[in-house]
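Since we're looking at a predicted model, the values are computed, not measured. Residue numbers count from 1 along this sequence.
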Amino acid sequence: MNATQELLKEKLQQALVAAFGTEYADVDPMLVTASNPKFGDYQANVALSLAKRLGQQPRAIAQAIVDKLDVSEICKPPEVAGPGFINLKLTTEYLETQLAAVQADSRLGVAKAKTPKREIVDFSSPNIAKEMHVGHLRSTIIGDSIARILEFRGHDVLRLNHVGDWGTQFGMLIAYLREVYPEALTTANALDIGDLVSFYRQAKKRFDEDEAFQETARKEVVRLQAGAEDTLHAWKLLCEQSRAEFQEIYDLLDIKLQERGESFYNPLLPKVVEDLEQTGLLVENQGAKCVFLEGFTNKEGEPLPLIVQKSDGGYNYATTDLAAIRYRIQEDHAKRIIYVTDAGQANHFAQVFQVARKAGWVPDDVEFVHVPFGLVLGEDGKKFKTRSGDTVRLRDLLDEAIARARADLETRLQEEGREETEQFKAHVAKVVGISAVKYADLSQNRTSNYIFSYDKMLSLKGNTAPYMLYAYVRTQGISREGNIDFGQLGADAKILLREDTELTLAKHLLQLDEIVGDVEQDLLPNRLCEYLYQLSDKFNKFYENCPVLKSEEPVRTSRLALCYLTARTLKLGLSLLGIQVLERM
């Protein structure tokens, strides 16, 4: 809730007490942003909810509240409308005062959290010896944006990359490479990542078909777990090679992560099983140690256990995730732990969280949040794949976006008869291409599937990154054309709101704090995307209807200040999505 809403809510609560007595001091005024601007800026719906309790008509209740409501410094006289809505319209003077405060604030009115917390965002999580593919796109981009927003609000954020770097697949891969390419196990970078992935597939095929090889692979896993020097050295080389490949993609996407793979928790797994046995939660079932939980059944309606230790004594994802929970609470001291994974893992995390709570590992002030997301679909509405049916490599997808952005730019430059340097073209193509991919993902409600379309995401029209970037570029164009340094306008450059499009833009600029606060809580970055899209749209309408450089003073300076505030808001908002702005396109 933004500062204006907080203030209005407080005034409405005072009016409720003045009209009906102190027992109404805690009644929620039900203040919301007005759905239709012609009725005002805010609407209080409390009168309808009090009709039964007070035994009066809602309109009469609304009028009684309005009679005691003192908002003259903020709003025009309140109006009672319809069955009992209280409509509130902010005064121009109040808006100008609020804009002046935001102008002078480096955070543009977004306060830091009153009680900052230690928060963990677990995202991206690729697997060693496999290439990052389109399936990693959403977790990586959504997780980064959530982390950026929490950091901006002042929380102490630990960004964790829970990499798949342990388990049976390593025994399988190392055993296979011993036979076909032994130098890969002793020499750094003997293979490139594509060859490593190819060998992994061949090893998996062999493992599935050859029982003798399965046994060899299992022995290699035992050697790895026991810390055999040659196997451990081979494992480290494979991890380093994959890590270097992942880092290239993270650098391209401007994403920072701290790796803490499954291997990190491996020494902690026996204690997890021991503690669950002591609490009486573990049940032996067909040789495996399991926890049976309320509300989880299979297709036949039978109880569905969470397996913590397999019948052969091995551990699995659930054991590792339970060890991670304990570590994150006891050692990292996290108060909110956010897991950004696909929606298909919702049941797994619901089970793991329930076991951790039943085991007594989770204090009351610690919150677990699973942030699920849908699939990336191709334009045929099916899972996004290459023409040959393979999963799309993330690197290929990003390179293609940059190449298409470059082609669009070359066409535009030709049409405009513009000459630009190679450095300019390469930089713009990279920023636009990467931004387009990020924004196309973040602008969807993350719980839904979405269709991946280069044409749509690179369009200069509609709810796309290029549209936002172009709005920002437009502000910088005004600065260049008028030879004006926005930063030298002065903090006291007064914004005067004379035209409707100025008022509309100003009101929207003042909602940034509310939007950032909402995303901090509900972890839905598409809300910020929608805010920025509306901001770009409102700015473009202002630009078309209100001359800036050709206006007389004091209107000229006022409009320049409004342009600058819009530019700062766009830049900040896009940075929270992980998107860089451009001065020119």
Side-chain angles (χ1 to χ4, degrees), residues 124-133 135-136 140 160-252 255-270 310 312-317 319-320 323-324 390-391 393-396 399:
S124 194
S125 308
N127 290 311
I128 297 294
K130 294 182 184 177
E131 287 176 290
M132 288 179 77
H133 54 74
H136 296 110
T140 305
L160 287 183
N161 198 4
H162 190 84
V163 172
D165 67 348
W166 199 250
T168 309
Q169 72 267 30
F170 285 97
M172 181 182 79
L173 181 59
I174 291 169
Y176 188 73
L177 287 171
R178 279 201 199 285
E179 289 184 18
V180 300
Y181 209 107
E183 55 265 48
L185 304 178
T186 56
T187 311
N189 302 316
L191 290 171
D192 68 31
I193 190 73
D195 290 334
L196 188 58
V197 170
S198 176
F199 280 129
Y200 180 86
R201 284 182 185 147
Q202 291 165 34
K204 178 77 170 75
K205 187 171 185 292
R206 176 95 175 272
F207 185 85
D208 292 342
E209 295 170 355
D210 183 341
E211 283 188 20
F213 180 72
Q214 282 181 21
E215 187 55 34
T216 305
R218 286 197 186 98
K219 284 178 181 171
E220 206 66 75
V221 174
V222 171
R223 283 174 56 76
L224 178 61
Q225 290 171 339
E229 199 173 319
D230 60 335
T231 304
L232 205 58
H233 179 69
W235 170 74
K236 284 177 180 172
L237 286 179
L238 296 174
C239 288
E240 283 300 330
Q241 190 161 358
S242 291
R243 201 171 282 129
E245 289 290 328
F246 299 158
Q247 195 56 49
E248 281 189 22
I249 289 174
Y250 293 140
D251 288 346
L252 190 57
I255 283 168
K256 291 177 175 56
L257 274 158
Q258 179 178 323
E259 186 184 306
R260 199 186 277 172
E262 290 171 2
S263 61
F264 178 88
Y265 302 102
N266 197 55
L268 311 177
L269 303 185
K310 295 183 282 190
D312 65 2
Y315 304 109
N316 58 16
Y317 293 127
T319 333
T320 304
D390 292 332
T391 304
R393 292 170 66 226
L394 187 49
R395 184 58 191 256
D396 291 344
D399 286 347

Any donor-acceptor N/O pair, Thr186 side chain to Glu183 backbone, under 3.5 Å:
yes

Closest non-hydrogen contact found for Val221 with Gly171 is CG2-CA, 3.6 Å

When you compare the side chains of Asn266 and Glu262, does any donor N or O come within less than 3.5 Å of an acceptor on the partner?
no

Can you measure from OG1 (Thr231) to CG (Leu224) and round to the nearest 0.5 angstrom?
6.5 Å

Going through the checks in order, is the side-chain contact (heavy atoms from CB on, under 4.5 Å) test met by Asp165 and Phe264?
CA-CA 9 Å; Asp165 67 348; Phe264 178 88; over 6 Å; no

Any chance you could measure Leu177, atom CG, to Gln202, atom CD, to the nearest 0.5 Å?
9.5 Å

What one should report as the nearest heavy-atom pair of Ala184 and Leu237 is O-CD1, 3.9 Å

Any luck finding a side-chain donor-acceptor pair between Thr319 and Asn316 under 3.5 Å?
yes

Enclosure of Glu229 CD (heavy-atom neighbours >12, cutoff 6.0 Å)
no

A side-chain contact here means heavy atoms from C-beta on lying under 4.5 Å apart; do Phe213 and Glu179 qualify?
yes

What distance separates Gln225 CD from Leu269 CG, expressed to the nearest 0.5 Å?
9.0 Å

What pairs with Tyr200 under ring pair (Phe, Tyr, Trp, His ring centres under 6.0 Å), at least two apart in sequence or on another chain?
none

Measure from the side-chain N and O atoms of Asn127 to the backbone N and O of Lys130, and report whether any donor-acceptor pair falls under 3.5 Å.
no

For Leu185 and Ile174, which heavy atoms make the closest approach, and how far apart are they?
CD1-O, 3.6 Å

Salt bridge check: are Arg395 and Glu248 linked by an N-O gap of less than 4.0 Å?
yes

Would you say Tyr317 has more than 12 foreign heavy atoms packed within less than 6.0 Å of its OH?
no

Indicate the atoms forming the closest heavy-atom contact of Leu238 with Ile128, along with that distance.
O-CG2, 3.8 Å

Give me the ring orientation class for Phe199 and Tyr176: parallel if the planes are under 30° apart, tilted from 30 to 60°, perpendicular past 60°.
tilted

Inter-residue atom distance Asp399.CG - Leu252.CG, 0.5 Å rounding
7.0 Å

Return the CD to NE2 distance between Glu131 and His136, rounded to the nearest 0.5 Å.
11.0 Å

In Å, rounded to the nearest 0.5 Å, how long is the span from CD of Glu259 to NE2 of His162?
11.0 Å

Report yes or no: is the cationic atom of Arg243 (NZ for Lys, CZ for Arg) under 6.0 Å from the centre of the six-membered ring of Phe246, at an angle within 45° of the ring normal?
no

Do you know which two heavy atoms are closest between Ala203 and Leu173, and how far apart they sit?
CB-CA, 4.3 Å

Starting from the C-alpha separation in whole Å, work towards a yes-or-no answer on side-chain contact (heavy atoms from CB on, under 4.5 Å) for Gln258 and Arg260.
CA-CA 6 Å; Gln258 179 178 323; Arg260 199 186 277 172; 4.0 Å; yes

Among residues at least two apart in sequence or on other chains, which ones pass side-chain hydrogen bond (donor to acceptor under 3.5 Å, both in side chains) with Lys205?
Glu209

My understanding is that only residues two or more places apart in sequence, or in another chain, count here; which of them pass side-chain hydrogen bond (donor to acceptor under 3.5 Å, both in side chains) with Thr320?
none

Under a 4.5 Å cut-off applied to non-hydrogen side-chain atoms, are Ser125 and Val163 in contact?
no

Can you list everything that forms a side-chain hydrogen bond (donor to acceptor under 3.5 Å, both in side chains) with Asn161? Sequence neighbours excluded, please.
Tyr250

Looking only at heavy atoms, the pair that brings Val197 and Ala129 closest together is CG2-O, 3.8 Å

Contacts of Glu220 that satisfy salt bridge (Lys or Arg N to Asp or Glu O under 4.0 Å) - sequence neighbours left out:
Arg178, Arg223

Leu394/His133 under side-chain contact (heavy atoms from CB on, under 4.5 Å): CA gap, chis, key distance, verdict
CA-CA 4 Å; Leu394 187 49; His133 54 74; 5.5 Å; no

Excluding sequence neighbours, so at least two apart, what forms side-chain hydrogen bond (donor to acceptor under 3.5 Å, both in side chains) with Thr391?
none

